[in-house]
Amino acid sequence: MTPEATTPLAPARSHRERYDHTATEQRWQARWEELGMHRTDLRDETRPKYYLLTMYPYPSGDLHIGHWSIKVPTDAIARYRRMHGYNVFFPIGFDAFGLPAENAAIKSGVHPATWTFANIERMRGQLRSMGATFDWNAELITASPDFYRWNQWFFLKFLEKGLAYRAMAPVDWCPKDLVVLAREQVEGVERRCWRCGTPVVKRDLEQWFYRTTAYADEMLEYRDLDWPEPIRTMQRNWIGRSEGAEVAFVVAPDSVQPGGHEIRVFTTRPDTLFGATFLVLAPEHPLVDALTQPERREEVQAYRHESRRKSEIDRLATDREKTGVPLGSEAINPISGERVPIWIADYVLLGYGTGAIMAVPAHDARDFAFAQRFELPIRRVIAPRGQEDAAVEDAFVAHTPDEVLVDSGRFSGMPAPEGARAINEALEADGKGTGSVTYRLRDWLVSRQRAWGTPIPVVYCQAEPSCGIVPIPEDQLPVLLPEDYEFRPQGGNALESDERFVRTPCPRCGGAGRRETDTLDTFVDSSWYWWRYLSPHEDDAPLDRELVARWCPVDQYTGGAEHAVMHLLYSRFFAKALADLGLINEREPFRRLFNQGQILGEDGERMSKSRGNVQDPDELVQRFGADTVRLFLMFMKPWEADAPWSATGIGGVDRFLKRVWTVVLDPHGQEGGESDDPEHAVGIEPEAGGRELLRLAHRTLRDVSELYEGYRFNALIAKLMELTNGFMRARGTAVAGSAEWDESIRLTLLMLAPLAPHIAEELWSRRLAEAGQEWRSVHLESWPSWDPALVVEDTIELPVQVNGKLRDRVTLPMGISQADTERAVMDREKVRANLEGKEVVRVIHVAGRLVNIVVR
RNA sequence: GCCGAAGUGGCGGAAUGGCAGACGCGGCGGACUUAAAAUCCGCUGUCCGCAAGGGCAUGUGAGUUCGAAUCUCACCUUCGGCACCA
């Protein structure tokens, strides 16, 4: 027991030591480091493994409060899992390639590497100040050659496997600066270049792709994955599988061309084929030139030019007025033999389906709007049974079981699904159509016309005769980035003008060659980094197969929902591709996913340097300590919620930790103004007080354990506050310092340890010292278990409603029978008053929850 | 526009079919102090009422249910993503 126990009611205020957060946090961080407590022995087989991954930061220069709000609760999970006996691996690294480093280089002339590595150095210090248990031994930096060489290696493997290929694709191009622009460098609805304001145009370039569509179907499965449903829905919609048919329309001969070209369209509704009254091609469709009548040429050219200036979002907006032009030629409906006009319109995209559609205005909203605008025929071919003669007022797209085909030749009268099948069969028999599946998902365009990224390891042979595109042999990797660059003020790819980089012999024939100057998308780095964490310095292979087999998939991944479709799909693609290359066994990367919310700037906007609303935690850490900042971030909102930043309220969390400090170190003290009446202690009776406190501690432990599992940190901290308020009430009474008090304090420190690791460690060590026990870190202790006997209540308070309105509350002994409960309820004065003159129709009695009396 | 999510006191939020507002901030009152700060204790959704008590209340409108913040539909607002920001 504590020495103060001899003078229980002495006002201890003046004796109480102030908590020095700065010194304490530094001391314990140094001690943990010295003991190597967070270095994971990946070969330890004595404990179950737990791979905890949090999205690695981009080294923008400053760690802001948003980074803390991702990483701090994740660290609490790491500590909580360790207390449950898991061997936790919790690595950290830096997503170090990307545009901001190039922008900095353009602006100030420093090499992107210099800027990036200086930022990393600074951020390492800030990350350490959190007191998080990152395993720094596993640190990885994507811009370092020992990481990016394996991007190159995977590229070569994908090329061999046919998972990487080259094709034309449009990019945003500034015609004045002659550079490719990133999306964020195109500004406003006018789509102007961010540097010179020139309207941006699309330009087609040869680009590298990864064949993500090869796994489209498999990515629709989520076998054994515990992922949030909204994320899965977004991914499913993004992949956008639709089943239907490809139908061939043949171009009719006319005065300027002989006809015979085949236009293939994709449709999900072959049953509506008789209602196809015109065709629409994407403006970029390869047949447009051949099918344009001379008198239409000028108009068609103008329209194609205009559509190339638009973004895809604009083109697909359904509320926008439809635009388009006719080519002047016609095609033949393969089932009705009718001639239909051919148009181009920007709401049809070349990259989706076949880049051409059959328009069925009666049964598609966009086609309907288009037909109305240009006065094209609208023919109804599907109708609810019994309403076959109603007029067409709007596109009818509903799918009800009793839709039938109308005005569809011999198919009329068939139910819609049967009609679709029959029409498909008829087309197939004629060689004019085939069942087909289309995806909205496109292959991943991985090449970037930028200097600060992974160089793509191929050479363009310039010898005569040329060997063409030659992959660089594996044993010549890595292709290193130059150590200096010449950045032009308007941007663009600095590698292109670096002759030392570009000129290289052809690896096949030894003749002249030009190196590829495109680099890989930074999403390539983030698609496999968690495997590399397990062997970040391995020279012979991208990953350690044995360790990956033991540690993967990742047990828990935490990060922002903004990555729902791109990063998280690319990662799944990589898992499947690497499994098919025989490099790994598991086909999914992350078993459980959690998306935390974002902390926005004080203005409610996303935090970014350019907006100037970035919140720096360093000052708060200095003033309150890391523990208070950690706790406040977890307390201020549910982890998954977005919220603008405000430090209002941090004082409350700070006071909470100080109260914990007080009740642990000074249980017998009293504050001025505090009553010394023992009746104000937790229990109803003073002699039961100790037990009441212990019961409260055990109930808290039960609730907190459950809340930890669901990452409900804000609610969990509220529970710990309630418990601490219990201690405060009992402080200075006979309960303080009792065996029950002491045990309750022990539980409190264990529950607090994952959240506020420094102060918990400090108080834990002092308890041990006082008890004359040898020091052992609180973070090496096991999570305690609650005693079921201590959490049971002996009475329940039952709300009583009359017609759903709360009228009374009745306290009853636990375990009372249903009949006795109802008798007791009916006997209540307030209940009787409310029932007077009314007839009881029904009594709804939810055992242990409430009684609701329905009256008339 | 399309896909996904959210909307509860003065503020952050709790309650996911059963007592709306836990916990905290702020505010008010009190204790301690020569005083202030710090600390501690109490009260605090709103309207009517001296009170007992009652009415209203979870973005808006409808619905399901004995009972809805919670489920369903429509609408409004805000946030994330829309393929070269990461």
Side-chain angles (χ1 to χ4, degrees), chain A residues 11 13 16 55 57-58 60 95 97-100 171-172 180-186 228-231 233-238 240 311-320 351 441-450 521-523 526 560-567 569-570 595 597-598 600 604-606 608 632 635-638 640-644 646 648-653 655-656 658-659 662 670-675 680 712 714-715 717-722 725 728-729 731 797-801 803-806 808-809 841-844 846 849-855:
Chain A
R13 199 160 19 117
R16 199 159 77 234
M55 290 181 187
Y58 178 79
S60 57
D95 185 14
F97 276 136
L99 209 49
V171 291
D172 287 322
V180 175
L181 297 173
R183 167 129 317 203
E184 68 161 12
Q185 298 172 328
V186 178
E229 195 52 48
I231 301 290
T233 305
M234 276 190 269
Q235 290 201 343
R236 263 190 227 108
N237 292 336
W238 184 262
S311 74
E312 233 169 74
I313 292 175
D314 287 338
R315 286 178 59 166
L316 291 172
T318 48
D319 62 337
R320 184 175 62 94
L441 179 73
R442 303 202 288 255
D443 282 335
W444 176 12
L445 197 167
V446 291
S447 45
R448 297 289 180 272
Q449 290 71 52
R450 317 212 171 276
D521 183 3
T522 54
F523 275 128
S526 55
E562 68 271 21
H563 291 297
V565 285
M566 304 186 65
H567 163 56
L569 267 181
Y570 295 147
N595 292 119
Q598 283 189 50
L600 309 168
E605 300 283 317
R606 208 175 145 174
S608 74
F632 178 59
F635 182 64
M636 70 180 276
K637 64 178 188 75
E640 66 276 12
D642 294 337
S646 161
T648 308
I650 194 169
V653 167
R655 278 192 284 277
F656 161 65
K658 288 197 173 112
R659 277 197 285 268
T662 299
Q670 260 197 308
E671 307 307 312
E674 219 176 303
S675 163
H680 80 271
R712 312 264 327 278
N714 61 329
I717 292 164
K719 292 282 178 196
L720 290 176
M721 285 174 168
E722 284 181 68
N725 292 343
M728 284 304 285
R729 283 195 298 276
R731 187 164 86 110
E797 202 192 45
L798 210 59
V800 181
Q801 297 180 337
N803 280 352
K805 279 193 186 296
L806 181 72
D808 197 9
R809 275 163 236 234
V841 181
R842 226 176 125 184
V843 175
I844 288 152
V846 185
R849 299 309 295 258
L850 62 32
V851 175
N852 185 16
I853 304 160
V854 185
V855 297

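Below, read A as the first sequence line, B as the second, and so on, with proteins coming before strands; counting in each chain starts at 1. All values below were derived from every heavy atom in this structure, side-chain atoms included, with hydrogens, water molecules and symmetry-related copies excluded.
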*Lys/Arg N to Asp/Glu carboxylate O, A/Arg712 vs A/Glu640, below 4.0 Å*: no

What protein N or O atoms touch nucleotides 8-12 of chain B N or O atoms at under 3.5 angstrom, if any, and at what distances?
{"from": "B/G12", "atom 1": "O2'", "to": "A/Met636", "atom 2": "O", "distance (Å)": "2.3"}

Considering only heavy side-chain atoms of A/Arg655, the closest of B/A86, B/C19, B/U39 is B/U39

Using atom names, set out every protein N or O paired with an N or O of nucleotides 15-18 of chain B below 3.5 Å, distance rounded to 0.1 Å.
{"from": "B/A15", "atom 1": "OP1", "to": "A/Arg712", "atom 2": "NH1", "distance (Å)": "3.4"}
{"from": "B/A15", "atom 1": "OP1", "to": "A/Arg712", "atom 2": "NH2", "distance (Å)": "2.3"}
{"from": "B/A15", "atom 1": "OP2", "to": "A/Arg712", "atom 2": "NH2", "distance (Å)": "3.2"}
{"from": "B/G18", "atom 1": "N2", "to": "A/Asn852", "atom 2": "ND2", "distance (Å)": "3.4"}

*asked:* On the side chain of A/Arg842, is there an atom forming a donor-acceptor pair with the base of B/C66 - under 3.5 Å, no angle test?
replied: no

Is the closest basic N to carboxylate O distance between A/Glu312 and A/Arg442 below 4.0 Å? yes

Check: A/Gln449 side chain, B/C84 base, donor-acceptor under 3.5 Å: yes

Rounded to whole Å, the CZ-P distance (A/Arg659 to B/C40) equals 5 Å

Subject >> Minimum side-chain heavy-atom gap A/Pro228-A/Asn595 below 4.5 Å >> reply: yes

- Message: For A/His563 and A/Phe523, take the angle between the two ring planes, folded into 0 to 90°, and tell me which bin it lands in: parallel under 30, tilted 30 to 60, perpendicular over 60.
- Response: perpendicular

Nearest-nucleotide check on RNA chain B, A/Tyr570 vs A/Pro57; residue mapping nearer the 5' end is A/Tyr570

Just the atom pairs and distances: protein N or O near nucleotides 74-78 of chain B's N or O, under 3.5 Å.
none

Closest of B/G4, B/C23, B/C66 to the A/Thr233 side chain is B/G4

Closest to the side chain of A/Asn714, out of B/G13, B/A83, B/A5, is B/G13

**OP:** Mind running side-chain contact (heavy atoms from CB on, under 4.5 Å) on A/Arg659 and A/Met721 for me, showing each step along the way?
**Re:** CA-CA 9 Å; A/Arg659 277 197 285 268; A/Met721 285 174 168; over 6 Å; no

